[in-house]
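Numbers for residues simply follow the sequence, beginning at 1.
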Amino acid sequence: MSNDDRFERGLERLTQHMRTHGLKLTRQRELILRCFVRAEGHLSVDELLVLTREADRGVGPATVYRTMKLFVQAGIASERRFAEGASLYEPDLDGQDEHHDHLICRDCGRILEFENQQIERLQEEVARALGFELTDHRMELFGACRTVDCEFAQA
C-alpha cells in the first residue's frame with residue numbers, strides 16, 4: 001500500500017471517529033497523520049514532532065501528544081511501551097492491530113518486527129497444556145544488535 005493510500009485510509013478512519021465524537025479535524029491533526037503514516041517503524045512523540053515541524057514549525061509537543069492519543073482511540077495507531085522506555089506508536093490503519101513480535105536492541109533501541117508461526121503454535125500449546133486460554137499476548141525479546149549499522153554493536 002502506498003503512503004498516499006495509507007494516509008487516505010487513516011484520514012477516513014479519523015474523520016469517522018471525529019464525527020462520532022463531535023470533534024474537529026484540524027489542519028494540524030491532518031498534518032500529523034500524514035507524517036505518521038509516512039514514517040517507518042515505531043515513533044515516539046518527540047520523533048514525530050521533529051517530522052511534523054519540518055512541514056509546520058508551529059506544531060507543539062502537546063498537540064502531537066494529544067493527537068497520538070486520539071489516533072489510538074480512533075484505532076489508527078497502536079501504542080507500545082518497551083521495557084522502561086517511552087511510549088512508541090505504530091500505524092494500525094485497519095484497526096486490527098495485526099499481531100507481530102519484537103526484537104529490541106538494548107544498546108541503540110532499534111526495534112525489529114517479526115512473525116513466526118512456529119512460535120505462535122508453541123505458545124498456544126503451552127497455554128493449552130497448562131489449562132489456559134490465550135486471549136492476547138505480546139513477545140518482546142531484548143538483546144544487542146550484531147549488525148554493522150548499530151553504532152553500539154560489539155565487534
Side-chain angles (χ1 to χ4, degrees), residues 1-21 23 29-30 32-52 61-155:
M1 179 182 325
S2 74
N3 281 334
D4 288 338
D5 291 340
R6 292 163 40 100
F7 172 73
E8 289 302 323
R9 179 176 283 175
L11 185 59
E12 183 180 309
R13 290 186 62 82
L14 181 60
T15 301
Q16 180 182 13
H17 178 82
M18 303 298 270
R19 203 175 294 133
T20 301
H21 292 86
L23 301 170
R29 287 175 175 159
E30 198 171 320
I32 293 166
L33 177 63
R34 187 175 300 279
C35 293
F36 178 61
V37 299
R38 283 186 176 165
E40 295 292 323
H42 303 76
L43 293 174
S44 68
V45 167
D46 290 338
E47 291 167 327
L48 185 54
L49 177 62
V50 169
L51 295 174
T52 305
T63 301
V64 175
Y65 178 79
R66 285 191 308 266
T67 300
M68 291 313 298
K69 293 295 180 193
L70 182 64
F71 289 0
V72 170
Q73 293 167 356
I76 57 177
S78 293
E79 182 178 12
R80 303 278 191 235
R81 186 177 284 270
F82 299 105
E84 296 84 38
S87 290
L88 299 177
Y89 299 89
E90 62 183 327
D92 181 17
L93 299 174
D94 293 324
Q96 301 296 314
D97 195 16
E98 194 169 309
H99 178 74
H100 56 268
D101 297 311
H102 297 91
L103 290 166
I104 302 133
C105 178
R106 287 204 184 267
D107 295 329
C108 71
R110 180 174 164 197
I111 300 169
L112 298 173
E113 296 177 354
F114 72 95
E115 296 175 29
N116 184 298
Q117 291 308 309
Q118 186 176 4
I119 290 173
E120 298 302 316
R121 281 191 300 277
L122 285 172
Q123 290 170 333
E124 288 287 339
E125 287 175 21
V126 168
R128 210 172 18 260
L130 296 173
F132 199 82
E133 181 181 340
L134 288 182
T135 56
D136 195 14
H137 74 279
R138 179 181 311 180
M139 182 186 293
E140 298 171 355
L141 303 173
F142 296 88
C145 287
R146 294 293 182 233
T147 60
V148 213
D149 53 344
C150 178
E151 60 185 88
F152 301 99
Q154 303 291 320

Cut-off 3.5 Å, no hydrogens considered: what does the side-chain donor-acceptor table look like for residues 64-74, sequence neighbours left out?
residue: Thr67; atom: OG1; partner: Thr63; partner atom: O; Å: 2.6
residue: Lys69; atom: NZ; partner: Glu79; partner atom: OE1; Å: 3.2
residue: Lys69; atom: NZ; partner: Glu79; partner atom: OE2; Å: 3.0

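- For the pair Glu120 and Asp101, the minimum side-chain heavy-atom distance is below 4.5 Å.
- Considering all non-hydrogen atoms of both residues, Phe36 and Leu43 come closest at CD1-CD1, 4.1 Å.
- Expressed to the nearest 0.5 Å, how far CZ of Arg19 lies from CG of Leu14 amounts to 10.5 Å.
- Taken from CZ in Arg29 to OG1 in Thr15, the straight-line distance is 11.0 Å, to the nearest 0.5 Å.
- Side-chain contact between Arg9 and Arg6 is absent, with no heavy atoms from C-beta onward closer than 4.5 Å.
- The shortest heavy-atom contact between Leu33 and Ile76 is CD1-CD1, 3.9 Å.
- Summarising the geometry, atom CD belonging to Gln117 is positioned 10.0 Å from atom CD1 belonging to Ile119; distances are rounded to the nearest 0.5 Å.
- Remark: Cys105 SG to Phe142 CZ distance equals 11.0 Å, nearest 0.5 Å.
- A pairwise comparison of heavy atoms in Cys35 and Thr52 identifies SG-CA, 3.8 Å as the closest pair.
- Heavy-atom minimum distance, His42 versus Glu47: O-OE1, 3.7 Å.
- Side-chain contact between Leu130 and Glu125 is absent, with no heavy-atom pair separated by less than 4.5 Å.
- A distance of 11.0 Å separates CD of Glu30 from CD1 of Ile32, quoted to the nearest 0.5 Å.
- In terms of the side-chain hydrogen bond (donor to acceptor under 3.5 Å, both in side chains) criterion, Gln16 has no residue partners (sequence neighbours excluded).
- Contact of the Ser87 side chain with the Val45 side chain is not registered, since no non-hydrogen atoms from C-beta on lie closer than 4.5 Å.
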